[in-house]
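These numbers come from the heavy atoms of this one structure, side chains and all, not from hydrogens, waters or symmetry mates.
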Amino acid sequence: MRIVILGPPGSGKGTQAKIISEMYGIPHINTGDLLREEVAKGTEVGRIAKPYMDQGKLVPDDVITRMLEERLSQEDCKGGFILDGYPRNLHQVDLLDEILKRLGVDLDCVLNILIDDEVVVRRLTTRRICSVCGAIYNLINKPPKKEGVCDICGGRLIQRDDDREEVIRRRLEVYKEQSEPVLERYRKRGLVRDIRGDVGLEALPEEIKRVLAGCK
Ligand code: AMP
């Protein structure tokens with residue numbers, strides 16, 4: 001299975017990718033995580049990428065694409081992968097095509113997570129983070145035992161700046177602008193499969209199986 005997963009912030013994309021990775025025994029390749037590793041290791045790619053990442057801008061296509069090709073060429077990707085965070089624009093769609101051609105493989109499907117903006121806004125505005133240990137809570141689904149206090153370390157719970165409603169709505173707009181042309185391109189090729197992003201954690205494996213059964 002060679003899968004690209006697309007979904008807005010707050011859609012549970014990371015969770016879905018993790019479940020798919022475990023269910024099918026394929027690596028979850030997240031370009032944001034790969035870049036953060038490069039930065040942490042202090043590699044040349046990391047040094048080039050950091051200023052862009054710090055400003056929330058896209059890292060130049062040639063830098064990220066070279067890094068991605070190296071990762072997809074590794075042994076553990078031979079049986080497939082789930083790619084998260086790439087492609088983010090039409091040029092990256094072309095670059096991914098070229099990488100896969102060089103590797104002699106094809107994409108099997110592009111998973112598109114469907115979720116209502118209001119569900120995302122509710123999910124993210126009710127998220128709280130411990131200011132000391134970073135534990136994540138949700139006022140509705142996973143509230144702390146004592147209001148405003150971390151169960152684990154007793155630290156104060158805070159709301160991240162980018163979890164404020166106006167910031168979330170802006171991020172959703174940016175995502176739509178970026179992803180629409182990419183989805184359109186893949187739809188024309190018949191690769192896109194829509195998957196629900198609003199099912200609970202228990203129902204998610206079944207939803208994933210149902211949708212992926214239609215791929216290939
Ligand atoms: P993320 O964890 O997906 O939010 O990615 C963190 C940062 O890594 C982004 O803000 C970009 O600077 C960079 N990045 C991740 N994926 C890409 C990509 N496909 N193209 C360009 N930059 C990317």
Side-chain angles (χ1 to χ4, degrees), residues 3-24 26-40 49-50 52-58 82-86 88 111-179 194-212:
I3 304 167
V4 163
I5 187 163
L6 300 172
S11 63
K13 178 160 57 79
T15 307
Q16 292 217 13
K18 186 163 175 277
I19 293 175
I20 293 170
S21 162
E22 284 164 7
M23 259 165 53
Y24 294 89
I26 51 178
H28 172 200
I29 314 275
N30 177 306
T31 49
D33 287 346
L34 289 181
L35 285 169
R36 279 183 284 274
E37 275 170 32
E38 297 288 333
V39 172
K50 190 167 187 305
Y52 293 93
M53 296 170 74
D54 286 347
Q55 295 175 56
K57 288 188 186 153
L58 290 186
I82 174 151
L83 181 56
D84 175 0
Y86 194 104
R88 293 201 190 189
L111 279 181
N112 175 40
I113 304 179
L114 297 180
I115 189 154
D116 197 87
D117 283 1
E118 300 316 309
V119 176
V120 169
V121 169
R122 206 175 331 119
R123 264 189 196 172
L124 296 185
T125 53
T126 51
R127 183 158 76 169
R128 295 291 181 273
I129 313 273
C130 174
S131 56
V132 179
C133 73
I136 298 173
Y137 295 85
N138 185 286
L139 300 182
I140 298 167
N141 306 327
K142 197 187 164 210
K145 292 196 185 86
K146 189 173 166 205
E147 199 186 318
V149 179
C150 178
D151 293 350
I152 301 165
C153 76
R156 192 168 62 89
L157 300 188
I158 54 165
Q159 183 174 38
R160 267 172 36 178
D161 271 352
D162 55 356
D163 283 345
R164 279 180 298 119
E165 179 164 347
E166 63 275 22
V167 182
I168 295 165
R169 291 202 187 273
R170 177 74 202 127
R171 281 162 65 204
L172 287 170
E173 284 309 312
V174 170
Y175 172 78
K176 273 177 211 159
E177 281 164 26
Q178 283 185 351
S179 66
D194 293 328
I195 184 162
R196 288 180 54 184
D198 60 353
V199 300
L201 206 51
E202 302 85 72
L204 209 46
E206 276 313 306
E207 171 71 358
I208 289 169
K209 270 190 216 148
R210 183 185 70 76
V211 173
L212 286 184

Residue pair G154 / V149: nearest heavy atoms and the distance that separates them: O-CG1, 3.6 Å
Partner of S11 under side chain to side chain contact (heavy atoms under 4.5 Å, CB included), chosen from I115, L114, D198: I115
Heavy-atom pair of closest approach, residues I129 and G134: CG2-O, 3.8 Å
All pairs passing salt bridge (Lys or Arg N to Asp or Glu O under 4.0 Å) where residues 121-146 contributes a residue, at least two apart: R127-D163
Contact summary for G155 and C130, nearest pair of heavy atoms: CA-SG, 3.9 Å
Separation between OG1 of T31 and CG of D84, rounded to the nearest 0.5 Å: 7.0 Å
Gap separating the CG atom of L139 from the CD atom of E147, nearest 0.5 angstrom: 8.0 Å
Test salt bridge (Lys or Arg N to Asp or Glu O under 4.0 Å) applied to E22 and K18, step by step: CA-CA 6 Å; E22 284 164 7; K18 186 163 175 277; 3.6 Å; yes
Any donor-acceptor N/O pair, Q159 side chain to R164 backbone, under 3.5 Å: no
Point-to-point distance, once rounded to the nearest 0.5 Å, from CG of L111 to CD1 of I208: 8.0 Å
Enclosure of Y24 OH (heavy-atom neighbours >12, cutoff 6.0 Å): yes
Any donor-acceptor N/O pair, Y137 side chain to D151 backbone, under 3.5 Å: yes
CZ-CG distance between R196 and D116, expressed to the nearest 0.5 angstrom: 11.5 Å
Distance, nearest 0.5 Å, that separates OG1 of T125 from CZ of R169: 9.0 Å
Exercise: identify the closest heavy-atom pair between I140 and N138: N-OD1, 2.8 Å
Where C153 and V132 come nearest, the two heavy atoms and their spacing: SG-CB, 3.8 Å
Stepwise side chain to side chain contact (heavy atoms under 4.5 Å, CB included) test for R210 and E207: CA-CA 5 Å; R210 183 185 70 76; E207 171 71 358; 3.1 Å; yes
Flag side-chain contact, heavy atom, 4.5 Å: P144 against L157: yes
Heavy-atom closest pair, residues V167 and D161: CG2-O, 3.7 Å
Pair N30-R36, side chain to side chain contact (heavy atoms under 4.5 Å, CB included): steps then yes or no: CA-CA 10 Å; N30 177 306; R36 279 183 284 274; 4.3 Å; yes
I195 and L212: CA distance, side-chain angles, deciding distance, side chain to side chain contact (heavy atoms under 4.5 Å, CB included) verdict: CA-CA 9 Å; I195 184 162; L212 286 184; over 6 Å; no
Worked check of side chain to side chain contact (heavy atoms under 4.5 Å, CB included) between D117 and K176: CA-CA 11 Å; D117 283 1; K176 273 177 211 159; 2.7 Å; yes
Rounded distance (nearest 0.5 Å) linking atom CG of L201 with atom OG1 of T15: 6.5 Å
